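It should be emphasised that the depicted structure is a prediction, and the values quoted were computed from it without experimental measurement. Atoms considered below: every heavy atom in the structure, side chains included; atoms not considered: hydrogens, waters and symmetry mates.
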Amino acid sequence: MGSLLIKNGEIVSPLDCTFQDIYIEDGKIAALGKDLDVSADRVLDAAGQYVLPGGIDVHTHLDMPFMGEVSADDFESGTAAAMAGGTTSIIDYIVPGKGQSLLEALATWKSKAKTAVADYGFHMAVTWYSDQVAREMAVCVREEGIPSFKAFLAYKDAIMVNDEELVGLLKCSRELNALIMAHCENGEIVAELQEKLFAEGKVEPKYHALSRPSYAEGESAFRLASLARAIGVPAYFVHMSCAESTRVLVEARAQGMDIYGETCPQYLLLDDSVYDKPDFLGAAYVMSPPIRPKGHAESLWGAIRAGQIQVVGTDHCPFNLKGQKELGRDDFRKIPNGAAGIEDRLKLLYTYGVMKGRITINQMVAITSTNPAKIFGMYPQKGSITVGADADLVIWQPDGEGTISAMTHYHRVDTSIFEGYRTVGAPAVVIANGRVQCEDGKLMVEPGAGRFIPRKLTV
């Protein structure tokens with residue numbers, strides 16, 4: 001593995017910006033300083049550019065069976081798209097079926113991930129609870145380096161857990177020093193509204209959103225926070241989309257609770273008018289929770305600015321419009337839920353966050369890299385530009401315009417929910433484990449080069 005020297009760049013951390021050279025050897029950051037007097041196999045001049053720690057997307061669903069289909073990006077294509085966008089590590093969700101062994105599902109995901117081009121970790125979803133599940137959770141934490149578990153509070157009669165199961169999960173997490181994450185939507189409310197709307201002949205994609213109102217997310221978030229408070233454990237809200245769950249998060253944190261929040265670019269930038277697109281194009285935006293009406297996004301941006309929402313992931317779970325989403329043309333309940341976004345995250349946050357003055361570039365680094373690494377046990381190996389850290393870096397060109405399109409993205413899916421969005425700035429060079437993986441938009445990735453990163457929580 002060759003050595004690299006990055007000169008003249010402005011290094012960005014959550015706290016400050018400094019001008020230092022970075023010397024990389026054997027996949028690690030070996031030295032930092034001004035005007036480093038070292039020789040390297042290659043020198044990269046980053047003058048006029050930022051140097052960011054590689055992005056970490058802690059919410060992906062690659063090669064995942066769901067609603068009778070399988071998400072369109074596998075570990076090779078999904079992590080390649082990530083790399084093109086400046087994300088050098090992911091944490092993907094293992095989702096066992098109801099009644100399935102966690103360890104059996106883990107073996108399946110390990111096999112799937114062998115083609116990853118970027119480093120990865122796993123979260124384990126828990127879709128049922130028993131003494132067996134508790135024992136297998138302990139194996140995940142103590143032997144497999146998987147200390148984070150997701151509960152679905154929606155998808156009734158499929159992967160949803162009830163309150164009794166959720167309490168069991170929270171108590172088990174307390175014993176294991178693990179973190180329970182939750183998809184917060186009230187599954188009973190959703191099921192009731194889905195049946196009501198469908199019975200009224202309302203089958204179009206927009207009724208997906210109307211069957212999953214924001215108050216259902218708020219109620220579920222409050223219930224999780226209340227149970228976590230009673231049991232005395234931290235909790236994490238995934239893909240927050242609305243003002244109601246944001247209010248729950250802020251109030252819980254004000255009471256001293258260890259509650260963490262995550263949102264995604266689609267909830268920050270889109271509104272529910274997308275479901276009115278003609279010719280079934282609204283189905284491309286069918287995801288859960290759904291895109292919300294105007295006004296909710298400002299609550300999310302405000303919570304990011306205030307440090308109350310710590311992470312922006314993507315919930316990357318793409319399904320093709322043709323052959324997959326169109327299966328629900330006559331019934332919104334059958335449209336596979338999910339969309340692509342892993343390649344676009346940093347460009348969108350820079351353009352519509354930093355350049356619009358909603359957040360600083362330091363906050364962008366915090367929510368896309370450093371905070372995820374700290375919360376999920378990857379720091380300082382990941383998420384930092386420090387001596388000894390993995391050399392996962394993005395040389396960010398702050399100028400230059402682009403346009404997001406399904407015609408040009410690396411996502412292996414036929415639509416983009418950000419089609420036509422103009423962007424400013426982009427990764428000029430993406431480095432992972434000391435290797436240049438993308439330069440001037442050209443990928444140079446190797447299937448199977450990604451490493452599994454075992455984790456242990458410290459938050």
Side-chain angles (χ1 to χ4, degrees), residues 1-13 17-24 27 29 32 34 36 40-57 79-90 117-119 265 341-355 359-370 382-385 389-405 408-411 418 421-446 449:
M1 185 180 294
S3 56
L4 281 173
L5 179 62
I6 302 172
K7 296 185 67 67
N8 304 317
E10 186 175 2
I11 298 174
V12 183
S13 80
C17 298
T18 59
F19 287 91
Q20 295 187 87
D21 297 342
I22 305 171
Y23 177 63
I24 298 165
I29 296 174
L32 291 167
K34 290 188 176 181
L36 288 177
D41 296 321
R42 184 177 179 191
V43 177
L44 295 169
D45 188 352
Q49 300 176 101
Y50 296 114
V51 183
L52 318 176
I56 303 169
D57 190 344
T79 54
M83 204 73 82
T87 290
T88 55
S89 302
I90 66 164
V117 309
D119 288 353
I342 200 169
E343 183 180 340
D344 306 320
R345 180 178 61 139
L346 296 187
K347 287 186 290 187
L348 290 169
L349 287 171
Y350 184 77
T351 303
Y352 297 96
V354 177
M355 297 300 290
I359 57 173
T360 67
I361 193 164
N362 307 91
Q363 289 174 310
M364 174 178 150
V365 165
I367 61 180
T368 61
S369 184
T370 305
K382 306 288 186 184
S384 70
I385 301 179
D390 287 351
D392 296 347
L393 302 163
V394 179
I395 299 177
W396 186 268
Q397 169 59 46
D399 301 318
E401 295 188 353
T403 303
I404 294 174
S405 174
T408 55
H409 67 197
Y410 283 100
H411 303 140
F418 301 109
Y421 265 64
R422 301 299 299 272
T423 60
V424 177
V429 181
V430 180
I431 299 164
N433 293 315
R435 303 185 304 272
V436 173
Q437 299 290 278
C438 187
E439 188 167 8
D440 298 326
K442 181 181 178 182
L443 278 174
M444 294 164 278
V445 295
E446 178 186 347

When you measure from the side chain of Thr79 to the backbone N and O of Val117, does any donor-acceptor pair fall under 3.5 Å?
-> yes

Do Asp392 and Asn433 have side chains that get closer than 4.5 Å, going by heavy atoms?
-> yes

Going by heavy atoms in the side chains, are Leu32 and Thr18 under 4.5 Å from each other?
-> no

Of all the heavy-atom pairs spanning Tyr350 and Pro398, show the shortest one and how long it is.
-> OH-CB, 3.3 Å

Heavy-atom check, side chain of Pro427 versus side chain of Gln397, under 4.5 Å = no

Give the C-alpha distance, both sets of side-chain angles, the deciding distance and a yes or no for salt bridge (charged side-chain N to carboxylate O under 4.0 Å, His left out) between Asp45 and Lys7.
-> CA-CA 5 Å; Asp45 188 352; Lys7 296 185 67 67; over 6 Å; no

From Ile385 CD1 over to Ile11 CD1, what is the distance, rounded to the nearest 0.5 angstrom?
-> 5.5 Å

Donor-acceptor contact below 3.5 Å, side chain Thr423 vs main chain Leu348 = no

If we only count heavy atoms from C-beta on, is the Ile359 to Ile367 side-chain gap below 4.5 Å?
-> yes

Should Arg422 and Thr351 count as side-chain neighbours, where that means a heavy-atom distance under 4.5 Å?
-> no

Validation row: Glu10, Phe19 side chains within 4.5 angstrom (heavy atoms) | yes

Compute whether any side-chain donor of one residue and acceptor of the other, for Thr87 and Arg345, lie under 3.5 angstrom apart.
-> yes

To the nearest 0.5 angstrom, please state how far the NZ atom of Lys382 sits from the OG1 atom of Thr88.
-> 6.0 Å

Atom of Cys438, atom of Met83 and distance for their closest heavy-atom approach | CB-O, 4.2 Å

Which heavy atom of Ser369 sits nearest a heavy atom of Gly54, and at what distance?
-> OG-O, 2.8 Å

What do the steps show when you test Ile431 against Leu44 for side chain to side chain contact (heavy atoms under 4.5 Å, CB included), and what is the final call?
-> CA-CA 11 Å; Ile431 299 164; Leu44 295 169; 4.0 Å; yes

Kindly determine whether Cys17 and Asn362 satisfy side chain to side chain contact (heavy atoms under 4.5 Å, CB included), including the steps that lead there.
-> CA-CA 8 Å; Cys17 298; Asn362 307 91; 3.6 Å; yes

Hey, does the side chain of Thr360 reach the backbone of Gln363 with a donor-acceptor pair shorter than 3.5 angstrom?
-> yes

Gln437 side chain vs Ala432 backbone, donor-acceptor pair below 3.5 Å = no

Side chain to side chain contact (heavy atoms under 4.5 Å, CB included) evaluation trace for Gln20 with Val51 | CA-CA 10 Å; Gln20 295 187 87; Val51 183; over 6 Å; no

Apply the test side chain to side chain contact (heavy atoms under 4.5 Å, CB included) to residues Leu346 and Trp396: give CA-CA distance (whole Å), side-chain angles for both, the deciding distance (0.1 Å), then the verdict.
-> CA-CA 10 Å; Leu346 296 187; Trp396 186 268; 3.8 Å; yes

How many angstroms lie between atom CD1 of Ile24 and atom CG of Leu5, to the nearest 0.5 angstrom?
-> 8.5 Å

Got Leu349 and Val354 here, is their nearest side-chain heavy-atom distance under 4.5 Å?
-> no

Find out whether Met364 and Leu52 are in side-chain contact, i.e. whether some heavy atom of one side chain is under 4.5 Å from a heavy atom of the other.
-> yes

In short, Ser3 meets Tyr23 closest at the heavy-atom pair CB-OH, 3.6 Å

Nearest heavy-atom neighbours spanning Ile22 and Ile29 | CG2-CG2, 4.0 Å

Shortest non-hydrogen contact from Ala449 toward Arg435 = CB-NH2, 3.6 Å

Asp41 side-chain N/O to Leu4 backbone N/O, donor-acceptor pair under 3.5 Å = no

